[in-house]
Amino acid sequence: MNDEPVGPAQSSRIPVTGNLYILRDDLSEDFIRASGPGGQNVNKVSTAVQLRFNLRANQTLPQEVKSRAAKIAGSRLTQYGEIILQADRHRTRERNREDALNRLIDLLKRATEKPKPRKATKPTLGSKRRRLDAKKQRGQVKKLRGRSSGFDD
């Protein structure tokens, strides 16, 4: 069994990875009218959710994860440091809330993965020779375009 106490602080945690989590307090939801499926309901009920995650104010994620998340979020990151995700794929508010939260967690999981460092490699001897041969051949083609000195006008 799990020995950790489950109190109000525990229940407000949303797990991202094994040891990383975000707090519900860092999230805010706005409900807006959705486009797409829903029939007449779409004009009456605000089922789409706009999930805002305050990345800048978050204190549970390491700084390197935050910076990678900001890069992954791209245009979804506001100048105030909030990631905004809009979900309107489903007809119900609950499923859209779930969808937006899952997409945020997926984005944060991708941000936890460290990018593989690029190892610089030298060009092979064969590729160097092919490059120089191509340059010489191109130079010859251009040289032949010049004026011919054999004829006088």
Side-chain angles (χ1 to χ4, degrees), residues 1-135 137-139 141-142:
M1 280 253 238
N2 201 353
D3 293 333
E4 293 181 32
V6 179
Q10 268 315 89
S11 63
S12 69
R13 290 181 176 189
I14 301 168
V16 176
T17 61
N19 55 354
L20 290 179
Y21 61 91
I22 58 174
L23 299 175
R24 287 213 184 272
D25 296 341
D26 291 338
L27 299 175
S28 68
E29 294 173 332
D30 294 320
F31 296 98
I32 54 178
R33 292 204 176 134
S35 61
Q40 291 178 352
N41 201 41
V42 89
N43 299 322
K44 296 186 287 184
V45 183
S46 299
T47 55
V49 67
Q50 198 174 52
L51 180 72
R52 293 174 177 267
F53 173 63
N54 197 337
L55 186 65
R56 190 178 290 165
N58 178 274
Q59 306 218 339
T60 59
L61 298 175
Q63 189 57 42
E64 62 183 16
V65 173
K66 285 183 182 183
S67 60
R68 281 196 294 264
K71 193 177 281 188
I72 292 170
S75 63
R76 293 174 291 189
L77 183 73
T78 66
Q79 65 184 19
Y80 304 112
E82 287 185 323
I83 296 176
I84 300 176
L85 297 173
Q86 186 167 328
D88 59 0
R89 294 181 195 168
H90 305 286
R91 290 180 181 221
T92 63
R93 189 180 270 195
E94 291 75 29
R95 288 186 67 191
N96 282 329
R97 287 175 85 179
E98 215 175 277
D99 182 38
L101 186 61
N102 288 338
R103 285 173 34 208
L104 176 67
I105 291 171
D106 182 52
L107 185 145
L108 294 175
K109 277 182 185 174
R110 285 186 287 151
T112 60
E113 298 167 4
K114 291 183 182 174
K116 187 177 171 184
R118 183 187 179 280
K119 294 178 183 173
T121 57
K122 292 183 179 180
T124 62
L125 186 62
S127 68
K128 286 182 186 176
R129 285 189 181 147
R130 284 190 297 274
R131 183 179 143 270
L132 292 176
D133 289 343
K135 283 171 70 91
Q137 191 176 8
R138 189 77 187 139
V141 168
K142 289 184 175 189

Practice task
Not counting sequence neighbours, which residues clear side-chain contact (heavy atoms from CB on, under 4.5 Å) with Ala70? List them please.
Solution key: Leu55, Leu77
Exercise for the section: Sort out for me which residue in Leu108, Leu107, Leu101 forms a side-chain contact (heavy atoms from CB on, under 4.5 Å) with Ile105. Expected result: Leu101
Completion exercise
In terms of heavy-atom contacts, Ala48 and Asp88 come closest through CB-CB, 3.5 Å
Exercise for the section: Find out whether Leu23 and Arg13 are in side-chain contact, i.e. whether some heavy atom of one side chain is under 4.5 Å from a heavy atom of the other. Expected result: yes
Considering only distance and modelled atom types, tabulate donor-acceptor pairs under 3.5 Å from the side chains of residues 115-122, sequence neighbours left out.
none

Problem - Expected output: side-chain Arg56 to main-chain Gln79 donor-acceptor under 3.5 Å - result: yes
Problem - N-O pairing of Arg103 and Asp99 below 4.0 Å - result: yes
Handout entry: Check: Gly126 main-chain N/O paired with Arg129 side-chain donor or acceptor under 3.5 Å
Key = no
Problem - Non-neighbouring partners of Arg110 that pass salt bridge (charged side-chain N to carboxylate O under 4.0 Å, His left out), sequence neighbours left out - result: Asp106
Practice task
May I ask you to decide if Ser12's main-chain N or O and Arg24's side chain share a donor-acceptor pair within less than 3.5 Å?
Solution key: no
Handout entry: Nearest-0.5 Å distance, CZ of residue Arg89 to CZ of residue Arg95
Key = 11.0 Å
Problem - Residues which pass side chain to side chain donor-acceptor pair (under 3.5 Å) with Gln50, listed by chain and number, not counting sequence neighbours - result: none
Practice task
Hey, could you give me the CD/NZ distance between Gln137 and Lys142, rounded to the nearest 0.5 Å?
Solution key: 13.0 Å
Problem - Spacing of OG1 belonging to Thr78 relative to CD1 belonging to Ile83, to within rounding of 0.5 Å - result: 9.0 Å
Practice task
Start with the C-alpha gap between Arg68 and Lys114, add the side-chain angles, then the distance that decides, and say whether side-chain contact (heavy atoms from CB on, under 4.5 Å) holds.
Solution key: CA-CA 9 Å; Arg68 281 196 294 264; Lys114 291 183 182 174; 3.8 Å; yes
Completion exercise
Interatomic distance, CG@Asn54 vs CD1@Ile22, rounded to 0.5 Å, equals 11.0 Å
Handout entry: Shortest non-hydrogen separation from Tyr21 to Leu61 and the atoms involved
Key = O-CD2, 4.0 Å
Problem - Student check: side-chain heavy atoms of Leu20 and Pro15 closer than 4.5 Å - result: no
Completion exercise
Separation between CD (Glu113) and CD1 (Ile72), nearest 0.5 Å, reads 8.0 Å
Problem - For Thr60, side chain to side chain donor-acceptor pair (under 3.5 Å) partners two or more places apart - result: Asn58
Practice task
With sequence neighbours left out, write down each residue that passes side-chain contact (heavy atoms from CB on, under 4.5 Å) with Glu29, or none if nothing qualifies.
Solution key: Phe31, Val49, Leu51, Arg97
